[in-house]
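So the structure is just underneath, and the comments pick up after that.
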Amino acid sequence: MRGEGLALSTGSWALACCLASCGGLALGAERGPEARAWRYELRIDDALSRLEVDVCFEGPAPPVLAPIDRRGRRFLRSADGPLGPDAAPLPRDADVVFTAHLPPDACVRYVVDLDAAARQRGGITGAYRVGDDLIASTTVWLWAPRPRAPDARASARFTLPEGVVVSPLWPRDAERWYLDARAFELEAFAAFGRFEVRHVGVPGACLHVSLLGRRVAMGHDALSASLARSAGAAALLFGRFPVSEASILAVPTPLSTTSPFGVVGRGTLPTVAILVGEQAAPERLERAWVPVHEFSHLAVPLIERDDAWLSEGLATYYQEILRARAGLIAPEEAWRNLDDGFARGRAGGTGRSLADESRDMRRTAAYRRVYWAGAAIALAADVELRARGARSLDDALAELHACCHGGARPMPGRDAIERLDAASDGVFGRVARAALGSSELLPLERTYRRLGLSHRADGSLAFDDAPDARALRDAITSPPAALDDVPPCGPWYARP
Ligand SMILES: [Zn+2]
C-alpha cells in the first residue's frame, strides 16, 4: 500500500457556514471582511496526548472554526471563547464551532485529544505512536477559520515540553511558523517528540529528515544516507529534486518488509512519511521502490483523487525508471519490474473502464489495476515521444511542473492532460484517452517492439540488442546530462 495525502473538501463547512449565518447574517459583503490575520499558539503536553490551541483573530471573528478535514471533528474535546474572564464554551454542532458572535480581535481556545486520534486505525495517515514519538496529520488537529479571506495571513508558535520538537511542517523563523492557503486546504504530516532532525542536501533541494521512534538497526547515519540516495534518484527526472525543500518522516516499523508504505502530504511544505523496517539493511532500503515512488509524486502537481491513474501511474513508472537511472537497480531489473507490474495490472481490476476504476479505487481496492494501467500509459507516451525525436515524458512533466506545481487545490486530471498534451504535441492525451475508456490495460505490443522487449516461451522478458531498440532503452534509463548543485543545508530558520 502507498498513497498520497488528501486534498480536503470544503463541502463539510459550506453547509455549516450557512447555519452559522442564519438569523439574517449572510456571508460575504454584509458580514464585512473576515479576520486578516490569525495567530495560533499551540501547546502540547509531555505525554503528547493533548494539544491545546489558542487562535486569535485580528479584526472581526470568522463565522466558524472548522477542522481542515471532517475526520478531525471526532477529536475535539472543548472549544471556549472569547478568552478572558467571560470565557464560555462556544456553540457547536457536529462539524464546526460557531464564532460569528465573538467581538473583534477575540481569541478562542480549542483542545484536541491526540490520544483518541492515535487509538483510531488511521496509521500514519491519522495519528500514530512511533515509540515515544507521535505522528499526527494536520487533519487531526488543525482547525481553521472559515471562510478564509483570500489575503488572510496565519502564523503559529509552538510551546513544547523540554526536549520535545515538531518536525518541519511550515516555513518558519526563530519565533513563528507561517501558514499559507495550502496549510488549510491540503493534508500535511507532522511529528512531535524527542527525535533527531537531520538536514540532508540532494541536487537542488534540502530535505529535513525526522528520525522517529526506536533506533533502526542500520543507525541514523545509514538511514539518512539511504533516504538521500532515494531522493537523489528522484532528482534524475528534472536534474534536481522536484521541490526545493521537503520534510521527510522516517518511521521505523517492526514489519519485516524493507519499506512497506509511504504517504505524501502537500501542505505549505511537502511532507513525506516513509515506513522503514527496523531490521532493514541500508543497501536494501536504498534499492526499495517505496521512497522513490513517494518522492516522484512531488514531480507532479497534486491531482484530483478521481484521477489517481495519472498521479499513481506516473509515480509507478518513474519508481522503476529513476532507480535504474541512479544505478540503484540494473536497467534490466527495471524493465522486468515494469513488465511484471503490467501483468499484475492486467490480472487486477473489476471490469470497469480505467476512468471508472480510478474513481472507484478506494471502494473496490483495484489499486494494482489503476497504478499499473497508469504506468503503461506513461511508458507508451514516453516511447512514442522519444521515437519521434526531440522530446520525452520527462520534458512534458517538467512543463506541467513549471506551470502548476504548488497550488492549494488539486488539479483536475483533464487539465493536467491538456497541459501534457500541449507539451507533447498531443501524444500524452491520445494515449491516455484510449486507455481511460477501456476496461483492458493499454496494449503495449508496439511499445515493446520499439524497445526490443519480448516474452520467451516461459514468459520471461527477452531483450533485443538491435541498435535502435537498445538506444531507446538506454535513453530512458540514462540520467540527465546535468544536475543542479547540492545546496548547503541546515535548519532554514537558522540559515543566514
Ligand atoms: Zn503513490
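Here the structure is a predicted model, which is why all the values come from computation and not from measurement. Sequence positions, counted from 1, serve as the residue numbers for this chain.
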Practice task
Would you mind reporting whether Ile68 and Arg146 have side-chain heavy atoms less than 4.5 Å apart?
Solution key: yes
Problem - Arg450 and Asp464 ion-paired at < 4.0 Å - result: no
Handout entry: Salt-bridge present (Asp115, Arg129; N to O < 4.0 Å)
Key = yes
Exercise for the section: Kindly indicate whether the side chain of Thr316, heavy atoms from C-beta on, has any atom under 4.5 Å from the side chain of Trp372. Expected result: yes
Fill in the blank from the handout: In terms of heavy-atom contacts, Leu142 and Ala183 come closest through CD2-O, 3.5 Å
Problem - Full working for side chain to side chain contact (heavy atoms under 4.5 Å, CB included) between Glu320 and Trp335 - result: CA-CA 8 Å; Glu320 304 302 334; Trp335 295 116; over 6 Å; no
Handout entry: 4.5 Å side-chain heavy-atom contact, Val276 and Thr253
Key = no
Problem - Ion pair check, Arg419 and Glu399, cut-off under 4.0 Å - result: no
Exercise for the section: State the CG-CZ distance between Leu179 and Phe184, to the nearest 0.5 angstrom. Expected result: 4.5 Å
Fill in the blank from the handout: Taken in chain and number order and not counting sequence neighbours, the residues that satisfy salt bridge (charged side-chain N to carboxylate O under 4.0 Å, His left out) with Arg456 are none
Exercise for the section: Please report the shortest heavy-atom distance between Leu444 and Phe342, naming the atom on each side. Expected result: CD1-CD1, 3.6 Å
Completion exercise
For Leu285 and Ser226 the tightest heavy-atom approach is CD2-CB, 3.7 Å
Fill in the blank from the handout: The complete set of ring-ring contact (aromatic ring centres under 6.0 Å, His included) pairs with one or both residues in residues 407-430, sequence neighbours excluded, reads none
Practice task
Inspect the contact between Asp382 and Arg386 and indicate whether a charged nitrogen and a carboxylate oxygen are less than 4.0 angstrom apart.
Solution key: yes
Exercise for the section: Using a strict 4.0 Å threshold on nitrogen-to-oxygen distance, state whether Arg368 and Glu312 make a salt bridge. Expected result: no
Handout entry: Separation between CG of Leu310 and CG of Leu436, rounded to the nearest 0.5 Å
Key = 9.0 Å
Problem - Charged N-O contact under 4.0 Å between Arg336 and Asp339 - result: no
Practice task
Step through the shown structure and confirm whether more than 12 heavy atoms of other residues, nucleotides or ligands are within 6.0 Å of CZ on Arg74.
Solution key: yes
Practice task
Mind jotting down which residue pairs meet the side chain to side chain donor-acceptor pair (under 3.5 Å) criterion with at least one end in residues 194-206? Sequence neighbours excluded, please.
Solution key: Asp46-Arg194, Glu196-Arg198, Glu196-His220, Arg198-Asp221, His199-His208
Problem - Residue pair Val200 / Leu227, side-chain heavy-atom distance below 4.5 Å - result: no
Handout entry: Within-4.5 Å side-chain heavy-atom neighbours: Asp356 and Leu354
Key = no
Handout entry: Residue pairs, two or more places apart or on separate chains, that pass ring-ring contact (aromatic ring centres under 6.0 Å, His included) and touch residues 403-424
Key = His401-His405
Practice task
Output yes when Arg50 and Asp113 qualify as a salt bridge under the 4.0 Å nitrogen-oxygen rule, no when they do not.
Solution key: no
Handout entry: Lys/Arg N to Asp/Glu carboxylate O, Arg266 vs Glu187, below 4.0 Å
Key = no
Handout entry: Salt-bridge present (Arg388, Glu384; N to O < 4.0 Å)
Key = yes
Problem - side chain to side chain contact (heavy atoms under 4.5 Å, CB included) assessment of Leu249 paired with Val272 - result: CA-CA 6 Å; Leu249 306 180; Val272 184; over 6 Å; no
Completion exercise
Note: Cys206 and Pro487 closest approach over all heavy atoms is SG-CG, 3.9 Å
Practice task
Give, for atom CG of Leu400 and atom CE of Met411, the distance between the pair rounded to the nearest 0.5 Å.
Solution key: 5.5 Å
Practice task
Any chance you could measure Asp474, atom CG, to Leu451, atom CG, to the nearest 0.5 Å?
Solution key: 11.0 Å
Practice task
Report yes if some heavy atom in the side chain of Asp394 is under 4.5 Å from a heavy atom in the side chain of Phe238; otherwise report no.
Solution key: no
Problem - Residues Asp306 and Arg362 bridged, charged N to O under 4.0 Å - result: no
Completion exercise
Interatomic distance, CG@Asp69 vs CG@Leu186, rounded to 0.5 Å, equals 11.5 Å
Problem - More than 12 heavy atoms of other groups within 6.0 Å of Asp340 CG - result: yes
Exercise for the section: State the CZ-CG distance between Arg470 and Asp465, to the nearest 0.5 angstrom. Expected result: 4.5 Å
Problem - Side chain proximity check, Trp170 to Leu269, heavy atoms < 4.5 angstrom - result: no
Handout entry: Non-neighbouring partners of Asp395 that pass side chain to side chain donor-acceptor pair (under 3.5 Å), sequence neighbours left out
Key = Ser392
Problem - Residue from Leu322, Val264, Ile248 passing side chain to side chain contact (heavy atoms under 4.5 Å, CB included) with Phe295 - result: Ile248
Handout entry: Heavy-atom closest pair, residues Val427 and Asp421
Key = N-OD1, 4.2 Å
Exercise for the section: For the residue pair Gln120 and Arg71, establish whether any side-chain heavy-atom pair is separated by less than 4.5 Å. Expected result: no
Exercise for the section: Please report the shortest heavy-atom distance between Arg369 and Ser438, naming the atom on each side. Expected result: NH2-O, 3.5 Å
Practice task
For the pair Ser49 (side chain) and Leu114 (backbone), establish whether a donor and an acceptor sit closer than 3.5 Å, ignoring hydrogens and angles.
Solution key: no
Practice task
Return each pair, listed once, that meets ring-ring contact (aromatic ring centres under 6.0 Å, His included) where at least one residue sits in residues 301-334; pairs must be two or more places apart or across chains.
Solution key: none
Exercise for the section: Just do the side chain to side chain contact (heavy atoms under 4.5 Å, CB included) check on Trp143 and Thr138 with the steps written out, would you? Expected result: CA-CA 9 Å; Trp143 285 59; Thr138 51; over 6 Å; no
